[in-house]
Amino acid sequence: MAIDIDVERRFGASVIGAQFTAEAGLTALFGPSGVGKTSLLNMVAGLLRPDRGHIRIGGRTLFDDATDLPPEARRVGYVFQDGRLFPHRRVKANLLYGWRLADPANRWMTLDEAADFLGIGHLLGRWPQSLSGGEAQRVAIGRALLAAPQILLMDEPLSSLDAARRGDIMTVIERIRDELKVPILYVSHDRAEVDRLATQIVEVGK
Amino acid sequence: MAIDIDVERRFGASVIGAQFTAEAGLTALFGPSGVGKTSLLNMVAGLLRPDRGHIRIGGRTLFDDATDLPPEARRVGYVFQDGRLFPHRRVKANLLYGWRLADPANRWMTLDEAADFLGIGHLLGRWPQSLSGGEAQRVAIGRALLAAPQILLMDEPLSSLDAARRGDIMTVIERIRDELKVPILYVSHDRAEVDRLATQIVEVGK
Amino acid sequence: APMATAAERGPLILAAASLQESLTDAADAWAEQGHARPVLSFAGSSALARQIMAGAPADLFISADEPWMDAVAKAGLLRPGTRANLVGNRLVLIAPRASRLRLAPVRGFALARALGGGRLAVADPNAVPAGKYAKAALTALGVWGDVANKLAPAENVRAALVLVERGAAPLGIVYATDAQASQAVRVVGTFPAASHPPIRYPLALLKTSRSRDAAAFRAFLLSRQARAIFARHGFTAP
Amino acid sequence: MLSAEEWGIVALSLKVGGVAVLATLPLAFALAWVLARYRFPGRLLLDALVHLPLVLPPVVTGWLLLVAFGPLGPIGSRLQDWLGVTLMFRWTGAALAAAIMALPLMVRAMRLSIEGIDRRLEGAARTLGAGRWHAFRTVSLPLALPGVLAALVLGFARSIGEFGATITFVSNIPGETQTLPLAIYSALQVPGAEAMVTRLALLSVALSLGALILSEWLVRRTHAERARHGD
Amino acid sequence: MLSAEEWGIVALSLKVGGVAVLATLPLAFALAWVLARYRFPGRLLLDALVHLPLVLPPVVTGWLLLVAFGPLGPIGSRLQDWLGVTLMFRWTGAALAAAIMALPLMVRAMRLSIEGIDRRLEGAARTLGAGRWHAFRTVSLPLALPGVLAALVLGFARSIGEFGATITFVSNIPGETQTLPLAIYSALQVPGAEAMVTRLALLSVALSLGALILSEWLVRRTHAERARHGD
Ligand SMILES: Nc1ncnc2c1ncn2[C@@H]1O[C@H](COP(=O)(O)OP(=O)(O)OP(=O)(O)O)[C@@H](O)[C@H]1O
Ligand SMILES: Nc1ncnc2c1ncn2[C@@H]1O[C@H](COP(=O)(O)OP(=O)(O)OP(=O)(O)O)[C@@H](O)[C@H]1O
Ligand SMILES: [Mg+2]
Ligand SMILES: [Mg+2]
């Protein structure tokens with residue numbers, strides 16, 4: 001089992017949680033709005049502390065009663081639902097932020113390759129605030145991939161892209177899934193996306 | 001013609017623009033990421049000044065050589081691509097912001113109705129920052145509709161919603177389009193959404 | 001009218017800060033005789049003189065030195081014939097209480113050597129009255145040149161006193177009244193009266209005075225009873 | 001615990017500080033707004049002017065106030081003739097001095113907050129039917145609130161500590177212009193009055209601590225855990 | 001244009017102000033950070049302590065410095081015995097006085113900026129492999145830059161104007177501790193020296209105007225139109 005997650009976290013009156021195991025590949029997280037998909041990804045990334053449970057991915061324990069790795073040690077590549085680009089760095093510096101910190105031996109791709117398949121080569125000198133919604137989304141994907149993570153967390157990464165661009169990026173995601181064998185947790189409401197990419201579907205919220 | 005738009009605006013080296021007329025109903029704006037769809041809506045809303053051209057909607061001139069109505073006089077209901085909720089007001093106060101400013105005679109719906117079909121009744125006391133992506137998106141839709149606008153501008157309003165919720169909201173949009181006869185400019189990359197809602201499709205970017 | 005209430009609350013006296021205690025006592029004595037208590041505002045002579053020259057309405061001005069009183073006089077703001085000298089003072093050399101130093105301020109005395117590596121606390125000799133007197137005295141005694149670059153010029157004479165009290169300076173020059181009031185310093189010696197211009201606190205009624213009590217209070221301050229009060233605080237006759 | 005005289009001094013300090021800060025607030029906000037939002041010729045000059053009371057020794061500021069607002073000064077004489085208002089030797093003059101000394105601090109704090117406002121939110125308010133002024137009142141102003149509160153605290157603390165400009169401008173008149181720092185000055189003139197000085201200084205500290213606690217409470221109330229957990 | 005003596009005073013003021021502000025910056029930032037980010041018992045006390053030099057009349061602050069850092073003071077005597085460092089009557093003492101007076105202003109400005117940082121960006125940096133410290137250096141610190149710049153300007157201006165604490169602590173020694181405000185004070189004590197006062201005051205203004213222009217230029221350089229048009 002590449003992924004073994006069993007977590008619970010209370011928000012006021014409601015409890016967010018998930019319990020599932022999955023093989024390597026792309027696990028699509030499914031569930032209505034507000035059920036806790038983003039919270040689950042945050043727990044995997046180390047940004048939100050579960051009240052109890054464990055998170056094991058690819059043989060590594062990220063969290064359990066005894067362990068709580070800090071986010072930087074978890075080596076996740078997180079494409080946030082809201083982009084979350086660094087406003088004080090140009091697009092290029094955003095893209096290279098994680099790349100510079102990664103062990104050169106682990107890197108998957110170069111800046112040029114990422115800029116190329118994401119179609120953002122002409123945006124490298126721009127400030128994030130000046131980007132369109134889809135442009136920012138693509139930069140966010142590039143930033144996560146360039147950090148050479150061992151798990152990918154993608155929260156509706158293609159939601160504001162046109163069909164053609166979406167297809168290009170899905171091809172890359174398939175390659176990451178199949179060639180690099182990186183486990184991927186993927187949130188999407190788009191049936192077509194999930195049908196094409198998912199090796200497994202998990203319903204969040206029991 | 002309910003909608004008559006012909007605008008142009010320069011950003012650095014590139015020029016953003018559109019020229020089209022459309023009947024009342026829902027006009028879907030189509031085009032690849034970064035082509036200028038959001039900019040076009042901003043120009044209609046009065047947030048971005050075109051370098052030249054005109055904007056006429058439902059018989060009113062919002063912008064031409066002689067006219068440049070301020071945003072508050074344009075009576076647009078704008079669902080922003082990024083939500084843009086007021087962080088210092090709770091959900092309920094966000095929803096009522098435009099409603100309170102609108103002429104009571106023009107109002108379309110009450111807070112309860114909006115909360116009901118958007119499924120956000122349980123969120124009224126919450127702060128926007130604590131909402132999930134889809135929750136925030138629904139609140140943003142409610143805020144725009146409650147302001148009783150004479151034009152609706154919707155920038156990928158359903159992108160992070162699940163299929164069931166999406167269906168509910170599309171039903172309401174159809175009613176607004178058909179019963180209230182409010183012209184709608186609608187940006188979406190989702191084929192199914194556009195097929196179901198659009199009375200007209202405009203390709204942005206010539 | 002701005003000073004309508006002044007009659008009931010007594011005349012407004014603008015006085016040099018170094019008179020704080022003694023003048024307060026004098027005003028109390030005056031009030032005990034059944035008069036409205038004067039309102040006393042203590043600050044540096046320069047600040048008070050500037051306020052008067054800017055047209056501030058007050059009744060009596062008591063300066064710590066002559067030049068500021070002269071400036072006010074030149075501006076035509078004194079009531080003619082009311083200028084008089086209130087009290088006088090002496091200049092003393094002080095050291096921290098624990099100091100064993102013995103040194104008489106006489107011609108050519110070994111001030112620089114006594115200072116060692118330390119500094120001489122004085123009121124700013126270019127600005128503050130006590131400092132100007134100190135400079136005159138040291139010059140007259142022929143030691144100014146030895147210590148001119150070993151000074152610690154303070155904002156006012158009380159600040160100079162504090163420097164010695166706190167051991168920041170081994171020696172200082174202050175008024176006898178300051179030295180008398182402090183428990184933490186010892187008078188090493190008194191400067192000869194002839195070594196500096198006479199130290200005098202001039203007072204005068206102001207043209208703007210509306211208070212009927214002001215002239216009477218001025219007279220009281222110059223009376224024998226008030227003189228005794230000032231003498232108790234270490235002031236000399238002018 | 002406190003003598004009647006000390007109570008009087010505290011009350012006066014509160015009055016002077018409170019009036020100074022509250023009366024200056026609108027002007028300071030307007031200046032902060034203009035400096036944060038507009039580029040115009042003379043902007044740097046305005047900025048420098050606002051900083052002036054910070055840069056000049058307080059005594060100089062007091063002297064300038066005396067020259068301008070004294071009975072013979074260009075402003076003071078007109079205030080007197082036209083409105084019958086005197087500032088000289090009055091607590092209102094002390095409040096003016098405190099206000100001017102607090103101004104640069106208040107402007108900077110609010111300017112920082114105004115510069116941090118996400119202006120797109122103002123645009124959103126406009127599309128919802130809010131005029132410029134309504135959007136300002138309901139969006140910009142509340143979003144600048146942290147700066148306003150910081151300005152109030154800084155301004156009040158500065159007012160409570162103001163000495164040089166005050167004594168130079170309105171002298172040291174008990175019951176009228178003798179605020180805490182001036183009373184402390186008077187006490188400092190008396191050798192051996194350290195106990196009195198300490199007592200008065202502690203009173204100053206207590207006053208500003210009160211303001212601090214009040215502001216922290218306000219911040220906590222308005223910012224009451226709006227954030228999303230673990231994000 | 002300026003006499004050699006005036007040049008000396010200006011140079012000394014620059015040195016004292018510059019050293020005071022730059023040396024205080026790290027401490028002030030740390031205080032701002034702790035006050036903005038952490039809740040702990042004693043937090044309010046720390047906050048009050050930071051505000052203290054603003055609230056107390058400067059002369060009292062100077063007096064406290066004298067008591068603490070003087071040759072007989074608990075800190076001063078140890079500095080002297082252990083390190084051979086004296087601050088009394090030295091320009092370093094003037095810098096210490098200026099630093100302490102500038103501290104509250106600097107802390108507040110930076111705290112406002114730190115409180116405005118979107119902490120989710122720090123989380124994003126962490127997921128990209130940045131440790132706490134790296135995320136701080138590359139994300140938090142640059143995002144707090146407006147506050148840091150404001151702190152530098154405010155702190156420098158305050159240092160340039162500092163008078164009361166300085167003269168009380170290190171007195172008014174030409175060439176060593178006589179900064180511009182002290183020179184101005186001396187001039188103000190002499191009847192009829194208004195021209196000299198004005199001249200020196202204008203010098204102060206020029207110095208802080210320089211700092212202002214520098215900071216505005218830095219702001220413009222770093223914030224060079226990052227925003228999206230018409231949004
Ligand atoms: N601070 C908070 N206080 C109360 N509830 C919270 C808080 N933070 C998050 N929640 C709630 O937790 C639930 C899960 O949020 P989460 O963002 O994980 O949902 P999601 O499945 O990603 O939804 P979406 O598809 O809409 O993005 C939501 O109902 C949200 O409102
Ligand atoms: N300040 C600016 N400087 C340079 N280019 C800008 C600026 N603001 C916007 N643009 C560019 O204008 C173009 C149009 O942006 P717009 O947001 O309208 O695109 P869009 O069609 O909405 O795209 P998306 O579907 O990705 O949201 C984009 O390429 C964007 O990068
Ligand atoms: Mg989500
Ligand atoms: Mg867009």
Side-chain angles (χ1 to χ4, degrees), chain A residues 11-14 16 29-42 80-84 118-120 122-123 125-127 129-139 141 155-169 187-194 203-205, chain B residues 11-14 16 29-42 80-84 118-120 122-123 125-127 129-139 141 155-169 187-194 203-205:
Chain A
F11 283 133
S14 59
I16 300 283
L29 301 175
F30 222 73
S33 168
V35 77
K37 303 179 294 297
T38 300
S39 302
L40 181 61
L41 295 190
N42 284 340
F80 296 92
Q81 195 168 5
D82 58 359
R84 225 170 277 192
L118 292 164
I120 50 176
H122 61 296
L123 303 174
R126 293 263 294 274
W127 293 104
Q129 288 97 320
S130 78
L131 300 178
S132 80
E135 288 165 349
Q137 204 168 34
R138 284 177 280 156
V139 175
I141 296 173
D155 203 347
E156 312 198 35
L158 309 180
S159 61
S160 36
L161 296 181
D162 52 286
R165 191 61 70 190
R166 209 177 271 223
D168 292 354
I169 298 176
V187 175
S188 173
H189 292 294
D190 188 289
R191 201 70 239 181
E193 244 171 84
V194 172
E203 191 82 28
V204 182
Chain B
F11 283 134
S14 58
I16 299 284
L29 300 175
F30 223 74
S33 169
V35 78
K37 304 179 294 297
T38 300
S39 302
L40 181 61
L41 295 189
N42 283 341
F80 296 92
Q81 194 169 5
D82 58 359
R84 225 170 278 192
L118 292 164
I120 51 177
H122 61 297
L123 303 173
R126 293 262 293 274
W127 293 105
Q129 287 96 320
S130 77
L131 300 178
S132 80
E135 287 165 350
Q137 202 169 36
R138 285 177 279 156
V139 174
I141 296 173
D155 202 348
E156 312 197 34
L158 310 180
S159 61
S160 37
L161 297 180
D162 51 286
R165 191 61 72 190
R166 209 178 271 225
D168 293 355
I169 298 176
V187 175
S188 174
H189 293 295
D190 188 289
R191 201 69 240 181
E193 244 172 83
V194 172
E203 190 83 28
V204 181

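Computed from a predicted model, the values in this text were never measured in an experiment. Chain identifiers are assigned alphabetically (A, B, ...) following the order of the sequence lines, protein sequences preceding nucleic acid strands; residue numbering begins at 1 within each chain.
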Are any non-hydrogen side-chain atoms of [X] and [Y] less than 4.5 angstrom apart?
X        : Y        : value
B:Arg165 : B:Asp168 : yes
A:Phe11  : A:Ser39  : yes
B:Arg138 : B:Ile169 : yes
B:Gln81  : B:Lys37  : no

Donor + acceptor pair across side chains of A:Ser159, A:Gln137 (<3.5 Å): yes
Contact leader toward chain A among B:Ala164, B:Gly134, B:Ser33, B:Gly36, where contacts are heavy-atom pairs under 4.5 Å: B:Ser33
Option in B:Val187, B:Leu123, B:Asp162 with maximal non-hydrogen atom pairs under 4.5 Å from chain A: B:Asp162
Interface residue of largest heavy-atom contact number with chain B, from A:Ser160, A:Pro32, A:Ala192, A:Gly31, under 4.5 Å: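 Most pairs with chain B among the choices: A:Ser160.
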Interface moiety of B:Arg191 toward chain A, non-hydrogen atoms closer than 4.5 Å: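 The answer is neither part of B:Arg191.
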Contacting moiety of B:Asp190, where chain A heavy atoms sit under 4.5 Å: side chain
